[in-house]
Amino acid sequence: MSDPVDVLDDLRDESDELDRLVGELSEGQWRVQTPAPGWTIAHQIAHLAWTDRAALLAATDAEAFAVETEKALAAPDRFVDEGAEEGAELPPAELLARWRAGREQLQAALRAVPPGARFPWYGPPMSAPAMATARLMETWAHGQDVADALGVVRTPTARLRHVAWIGHRARDYAFLVRGIPAPAEPFRVELRAPDGSLWTYGPEDAAQRVTGPALDFCLLVTQRLHRDDTDLTADGEDAERWLTIAQAFAGPAGGGRAAKGDA
């Protein structure tokens with residue numbers, strides 16, 4: 001797990017980078033379709049604002065969050081899309097202001113959580129660093145959708161280490177959410193960071209391994225890139241299978257993106 005202050009600072013910086021992409025968009029550009037079917041740029045930002053609000057409730061008002069959880073359980077296949085749809089209908093200036101205010105409130109709330117404390121979430125209870133890591137992963141992933149819609153190529157940063165970490169940690173979840181028994185043995189993951197250094201996870205002597213660019217791994221585990229379009233190498237049958245189903249996010253198994261050759 002990352003240092004709590006570091007990951008909160010990185011979450012702030014990741015959000016600010018996305019803000020620079022959308023802050024000066026015209027109203028028409030907010031309606032541009034992104035690679036996520038049915039989601040415009042407005043939907044992407046609305047989703048981030050909605051989830052920030054849910055995280056804020058979880059960290060500050062467990063009873064209010066419990067009410068939101070009941071709503072989610074009543075419509076497990078719709079509540080995320082409904083939250084994005086509601087926000088996307090707002091005027092862009094109002095949506096942008098809501099997202100900015102919400103993420104600032106969440107930053108303050110997470111910094112105030114006592115060390116070691118946990119609060120409820122849709123899955124297992126979360127610590128402040130874990131929540132910040134999850135929010136950074138989502139911000140980066142949805143920011144990628146926005147960048148793709150605008151034809152912008154983003155420069156990878158060291159903040160990807162948080163996305164890589166959660167992607168590695170979510171290995172077993174990716175199997176279990178598909179009803180597949182998770183491998184008993186840990187994998188070794190070795191990723192080439194944007195600065196050329198190596199990020200490593202898992203025992204060095206593990207029989208099954210995944211190696212390659214950190215950017216490709218992060219795009220894969222957030223399901224923004226198809227396995228066939230990565231430069232990742234898998235050694236071992238289970239490791240290869242993981243790369244076809246990997247997901248760093250909670251919830252049902254994602255459908256992922258089509259291979260570029262199939263588009």
Side-chain angles (χ1 to χ4, degrees), residues 1-2 4 7-8 10-11 14-15 36 44 46-84 102-103 105-107 109-142 161-184 186-187 189 201-202 217-218 220-224 242-256:
M1 174 59 70
S2 304
V7 69
L8 282 163
D10 283 350
L11 171 58
E14 191 65 41
S15 299
Q44 300 286 350
H47 172 71
L48 292 176
W50 178 89
T51 315
D52 284 346
R53 176 183 174 275
L56 179 64
L57 282 179
T60 61
D61 190 339
E63 291 185 5
F65 180 73
V67 173
E68 293 300 311
T69 303
E70 291 177 4
K71 294 178 183 177
L73 292 174
D77 298 328
R78 304 193 311 273
F79 78 102
V80 171
D81 285 338
E82 288 175 353
R103 71 185 202 244
Q105 291 173 329
L106 180 59
Q107 272 276 336
L110 292 180
R111 290 179 188 274
V113 172
R118 291 180 176 271
F119 44 85
W121 193 236
Y122 296 107
M126 300 279 271
S127 67
M131 177 60 78
T133 302
R135 298 307 307 127
L136 189 152
M137 178 271 294
E138 271 221 302
T139 301
W140 179 80
H142 290 283
R161 70 189 185 278
H162 305 296
V163 183
W165 181 87
I166 201 171
H168 168 256
R169 289 280 294 178
R171 185 202 72 169
D172 288 1
Y173 179 80
F175 282 90
L176 295 176
V177 77
R178 290 166 174 78
I180 305 170
F187 295 169
V189 178
Y201 311 90
F217 181 78
C218 292
L220 181 74
V221 299
T222 56
Q223 297 194 351
R224 266 61 186 180
W242 177 40
L243 293 187
T244 67
I245 62 173
Q247 69 179 65
F249 50 88

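Atom set for the values below is all heavy atoms of this structure, side chains included, hydrogens, waters and symmetry mates excluded. In this chain, numbering begins with 1 at the start of the sequence shown.
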Problem - pair Phe119-Met131: side-chain heavy atoms closer than 4.5 Å - result: yes
Practice task
Drop me the distance from Leu110's CG to Gln105's CD, to the nearest 0.5 angstrom.
Solution key: 11.5 Å
Exercise for the section: Report the C-alpha distance between Leu106 and Arg53 in whole Å, list the side-chain angles of each, state the deciding distance to 0.1 Å, and finish with yes or no for side chain to side chain contact (heavy atoms under 4.5 Å, CB included). Expected result: CA-CA 8 Å; Leu106 180 59; Arg53 176 183 174 275; over 6 Å; no
Exercise for the section: Locate the shortest heavy-atom distance separating Ala248 from Ala170; write the atom from each residue and the value. Expected result: CA-CB, 4.1 Å
Practice task
Write down the atom of Leu176, the atom of Ala182, and the distance for their closest heavy-atom approach.
Solution key: CD2-N, 4.1 Å
Completion exercise
Between Ile245 and Gln223, the two heavy atoms sitting closest are O-NE2, 4.0 Å
Exercise for the section: Kindly indicate whether the side chain of Glu68, heavy atoms from C-beta on, has any atom under 4.5 Å from the side chain of Phe79. Expected result: no
Exercise for the section: Can you measure from OG1 (Thr133) to CZ (Arg169) and round to the nearest 0.5 angstrom? Expected result: 10.5 Å
Handout entry: Residues Arg178 and Gln247: side-chain donor-acceptor under 3.5 angstrom
Key = yes
Practice task
Check for a donor-acceptor pair, side chain of Gln44 on one end and backbone N or O of Ala84 on the other, with a separation under 3.5 Å.
Solution key: no
Practice task
Report the C-alpha distance between Glu14 and Arg135 in whole Å, list the side-chain angles of each, state the deciding distance to 0.1 Å, and finish with yes or no for side chain to side chain contact (heavy atoms under 4.5 Å, CB included).
Solution key: CA-CA 10 Å; Glu14 191 65 41; Arg135 298 307 307 127; over 6 Å; no
Practice task
Calculate, to the nearest 0.5 Å, the distance between atoms CD1 and NE2 belonging to Ile166 and His168 respectively.
Solution key: 12.5 Å
Exercise for the section: Using a 4.5 Å cut-off on heavy atoms from C-beta on, say whether the side chain of Arg103 contacts that of Thr139. Expected result: no
Completion exercise
Heavy-atom nearest pair, Ala128 first then Val113, reads CB-CB, 3.9 Å
Practice task
Of all the heavy-atom pairs spanning Ala58 and Trp121, show the shortest one and how long it is.
Solution key: CB-CE3, 3.9 Å
Exercise for the section: Could you tell me whether the side chain of Pro124 reaches within less than 4.5 Å of the side chain of Arg118, counting heavy atoms only? Expected result: no
Exercise for the section: List the steps, then state whether side chain to side chain contact (heavy atoms under 4.5 Å, CB included) holds for Asp10 with Arg161. Expected result: CA-CA 10 Å; Asp10 283 350; Arg161 70 189 185 278; 3.0 Å; yes
Practice task
Establish, yes or no, whether a centroid distance under 6.0 Å links the rings of Tyr122 and Phe65.
Solution key: yes
Practice task
Could you tell me whether the side chain of Gln107 and the main chain of Leu8 form a donor-acceptor pair under 3.5 Å?
Solution key: yes
Exercise for the section: Take the angle between the ring planes of Phe217 and Trp242 and call it parallel below 30°, perpendicular above 60°, tilted in between. Expected result: perpendicular
Handout entry: Which atom of Pro183 lies closest to which atom of Phe187, heavy atoms considered
Key = CG-CZ, 3.8 Å
